[in-house]
Number of protein chains: 2
Amino acid sequence: MAISPTHTNRTADSIIVPDVVVERLPLYVRVLAGFEARGTEMVSSEQLGSQLHMTPAQIRKDLSYFGRFGKQGRGYNVQALALRLREILGLDRSWNACLVGVGRLGRAIISYPGFAPEGFNIVSAFDMNPAVVGTMVDGISVDAISEIKPVVERLDIAIGIVAVPAAAAQEVIDRLVEAGVGGILNYAPITAHAPGNVKIKNIDPVMSLQSMTYYLKTRIQA
Amino acid sequence: MAISPTHTNRTADSIIVPDVVVERLPLYVRVLAGFEARGTEMVSSEQLGSQLHMTPAQIRKDLSYFGRFGKQGRGYNVQALALRLREILGLDRSWNACLVGVGRLGRAIISYPGFAPEGFNIVSAFDMNPAVVGTMVDGISVDAISEIKPVVERLDIAIGIVAVPAAAAQEVIDRLVEAGVGGILNYAPITAHAPGNVKIKNIDPVMSLQSMTYYLKTRIQA
DNA sequence: TGTAGTGTGTGCCTTATATCACAAGCGCAA
DNA sequence: TTGCGCTTGTGATATAAGGCACACACTACA
């Protein structure tokens, strides 16, 4: 949460970075990767901004929370900035995750090919259903819910992915927290609760659609 | 976007409701459904707030954008408020959606059982791969990308769900917009662009994880 | 009819976030 | 070496969102 900047004259070290800013960093990493792939050496906040549809000032300010990465008159070195942002986000290493709930959704998550290339490895799965426990799904062995704590500890799992029915989700989250995970990716349609030192991110396509329709309602159909 | 309130003495009709507020409404609908199921007749903003971990004042203020639904000293009638919010969000009807990209992710989306009960029906699918075009997936026929426009018009499709690789996503989104959809649910990891009258919602679990690790980094492991 | 208890709706204030705008730094060209 | 064009980093300012606190409305009960 804290960073050690040499770049500031404010009261103290350890400036708190707003969540909104942290959530934008992966976006920057992604467009930088694009420029990197195209062999571009330098980019300006202007260029980044036009790609991302945001103002250059916002990008500069976001970056300024973490240091001074740019050169006046030149912009940012693509490679260096990408590298630095990955370090800041903790993307310069890989992370172990476990999945709870090996139903239809859970299986789709296990076989989703987007996690591994970014350094997120699902190394373990859990389910309540005795018919599934003990089987292998896509190379991952499925254990009983009661095994969460020992397995999380043994495999150094930092992230729990929750794909169980709504009714069971909070209970599962509590177990994951107790087992020591630091973050939870929750696919269940509930308002999940966890202690402040555990980060929860919700993925809820249905809720996205349900707010979208508010805008569809008033549209004149083409 | 506009509402016709009798409840206000402000400058004009048609108050613009902030996006953040609209995005919270489905949350309210969900907890109200819970109270409804338990047979509760009245709830206070206090009770709603404690379920959702938010302040009662925020809930009251959010609701006040749309009308005066509560009774002093009593709270809100659960059924009536749920009904009204559903109307406001356009959830008192069903919506047709189409899926573009029938790969692994696309198939998982088609067979995801969470959409239909909430009134979102995937009625059509499209893919680029000639091997898939013409087949049926989970009861949905797969057409060529070039068919998007006629099919969207014929089946009155308001929502496009994008599950194609990043490189193809913007092109697909452009086609969907041109075909006349009003909203897009985008699973591709890109910064999508669309005209202002088309609502885009992104679902990106990887990006969620990538910002989560920022907080995991600094955690003392248990 | 009166009074006590409760919870809404909202004006006003606080906090958070975004944008502006400019001094200062850098590189290039003459 | 000087000067010009460009782009950063950041105070200052503007806008947006959140929360407080209270007048007022409603119910219940005496």
Side-chain angles (χ1 to χ4, degrees), chain A residues 1 3 5-11 15-25 27-28 32 35 40-78 80-81 84-85 88 211, chain B residues 1 3 5-12 15-25 27-28 31-32 35 40-78 80-81 84-85 88 211:
Chain A
M1 233 161 260
I3 207 78
T6 44
H7 70 89
T8 177
N9 52 5
R10 305 237 188 102
T11 43
I15 293 162
I16 284 155
V17 180
D19 281 15
V20 267
V21 173
V22 174
E23 274 162 21
R24 277 191 294 261
L25 297 186
L27 233 45
Y28 302 156
L32 286 167
F35 280 105
T40 313
E41 205 192 328
M42 303 291 289
V43 271
S44 64
S45 58
E46 171 69 40
Q47 289 172 285
L48 292 172
S50 79
Q51 288 257 334
L52 289 162
H53 307 295
M54 57 202 306
T55 67
Q58 173 149 79
I59 292 170
R60 293 201 300 274
K61 189 150 248 188
D62 283 357
L63 296 178
S64 77
Y65 278 101
F66 304 98
R68 306 151 130 266
F69 307 118
K71 271 207 177 82
Q72 284 101 327
R74 304 294 294 148
Y76 302 88
N77 179 297
V78 173
L81 182 57
R84 196 68 193 80
L85 289 181
I88 290 165
S211 54
Chain B
M1 234 162 261
I3 206 79
T6 43
H7 71 88
T8 177
N9 51 4
R10 303 232 192 105
T11 42
I15 292 161
I16 284 155
V17 180
D19 281 14
V20 269
V21 173
V22 174
E23 273 161 22
R24 278 193 293 264
L25 297 186
L27 233 46
Y28 302 155
V31 290
L32 286 168
F35 280 105
T40 312
E41 204 192 329
M42 303 291 290
V43 272
S44 64
S45 58
E46 172 68 42
Q47 289 172 285
L48 292 171
S50 79
Q51 288 257 333
L52 290 163
H53 306 294
M54 57 202 310
T55 65
Q58 173 149 79
I59 293 170
R60 293 201 299 276
K61 195 160 241 182
D62 283 358
L63 295 178
S64 78
Y65 279 101
F66 304 97
R68 305 151 132 265
F69 308 118
K71 271 210 179 80
Q72 283 101 327
R74 303 296 291 149
Y76 301 88
N77 179 298
V78 173
L81 181 58
R84 197 67 192 80
L85 289 180
I88 289 165
S211 54

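In what follows, chains carry the letters A, B, and so on, assigned in the order in which the sequence lines appear, proteins first and then strands, with residues in each chain numbered from 1.
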With rounding to the nearest 0.5 angstrom, report the [atom1] to [atom2] distance, [X] to [Y].
| X | Y | atom1 | atom2 | value |
| --- | --- | --- | --- | --- |
| B:L85 | B:L81 | CG | CG | 4.5 Å |
| B:S50 | B:I59 | OG | CD1 | 8.5 Å |
| A:L48 | A:T55 | CG | OG1 | 12.0 Å |

Can you measure [X] atom [atom1] to [N] atom [atom2] for me and round it to whole angstrom units?
| X | N | atom1 | atom2 | answer |
| --- | --- | --- | --- | --- |
| B:F66 | C:dT10 | CZ | C1' | 16 Å |
| B:M54 | D:dG18 | CE | P | 8 Å |
| A:Q47 | D:dC6 | CD | C1' | 12 Å |
| A:E46 | C:dT19 | CD | P | 13 Å |
| A:L81 | D:dT8 | CG | C1' | 13 Å |
| B:I59 | C:dT10 | CD1 | C1' | 16 Å |
| B:E23 | D:dG18 | CD | P | 11 Å |
| B:N77 | D:dC26 | CG | C1' | 15 Å |

* Asked: With A:S211, which of B:V22, B:V20, B:L27 fulfils side-chain contact (heavy atoms from CB on, under 4.5 Å)?
  ->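 Passing option: B:V22.
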Hey, does [Y] have a side-chain heavy atom less than 4.5 Å from the side chain of [X]?
| X | Y | value |
| --- | --- | --- |
| B:R84 | B:F66 | no |
| B:E41 | B:V78 | no |
| B:L32 | B:Y76 | no |

Taking N or O atoms only and anything under 3.5 Å, show me the protein contacts with nucleotides 22-26 of chain C, one pair per line.
residue: C:dG25; atom: O4'; partner: A:Q72; partner atom: NE2; Å: 3.0
residue: C:dG25; atom: N2; partner: A:G73; partner atom: N; Å: 3.2

* Asked: Hey, is the side chain of B:S45 poking within less than 4.0 Å of OP1 or OP2 on C:dT8, counting only N and O atoms?
  ->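 Affirmative; the distance criterion is met.
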* Asked: Any side-chain N or O of A:Y76 under 4.0 Å from OP1/OP2 of D:dG9?
  ->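 Looking at the OP1 and OP2 atoms of D:dG9, one of them is under 4.0 Å from a side-chain N or O of A:Y76.
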* To do: May I have all residue pairs that pass salt bridge (Lys or Arg N to Asp or Glu O under 4.0 Å) and include part of residues 50-64 of chain B, sequence neighbours excluded?
  =>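 Every salt bridge (Lys or Arg N to Asp or Glu O under 4.0 Å) pair that includes a residue of residues 50-64 of chain B, provided the two are not neighbours, is B:R24-B:D62.
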* Nucleotide of D:dC20, C:dT8, D:dT8 approaching B:S44 most closely (side-chain heavy atoms) ->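 Ranking D:dC20, C:dT8, D:dT8 by closest atom to the B:S44 side chain puts C:dT8 first.
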* Main-chain N/O of B:S44 paired to B:Q47 side chain as donor or acceptor, under 3.5 Å ->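 Yes, B:Q47 side chain to B:S44 backbone: donor-acceptor pair under 3.5 Å.
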Considering only nitrogen or oxygen atoms on both sides, find all protein atoms under 3.5 Å from nucleotides 12-18 of chain C and state each distance.
residue: C:dC12; atom: N4; partner: B:K61; partner atom: NZ; Å: 3.1
residue: C:dA18; atom: OP1; partner: A:R24; partner atom: NH1; Å: 3.2
residue: C:dA18; atom: OP2; partner: A:R24; partner atom: NH1; Å: 3.3
residue: C:dA18; atom: OP2; partner: A:R24; partner atom: NH2; Å: 2.9
residue: C:dA18; atom: OP2; partner: A:Q58; partner atom: NE2; Å: 3.2
residue: C:dA18; atom: O5'; partner: A:Q58; partner atom: NE2; Å: 3.3

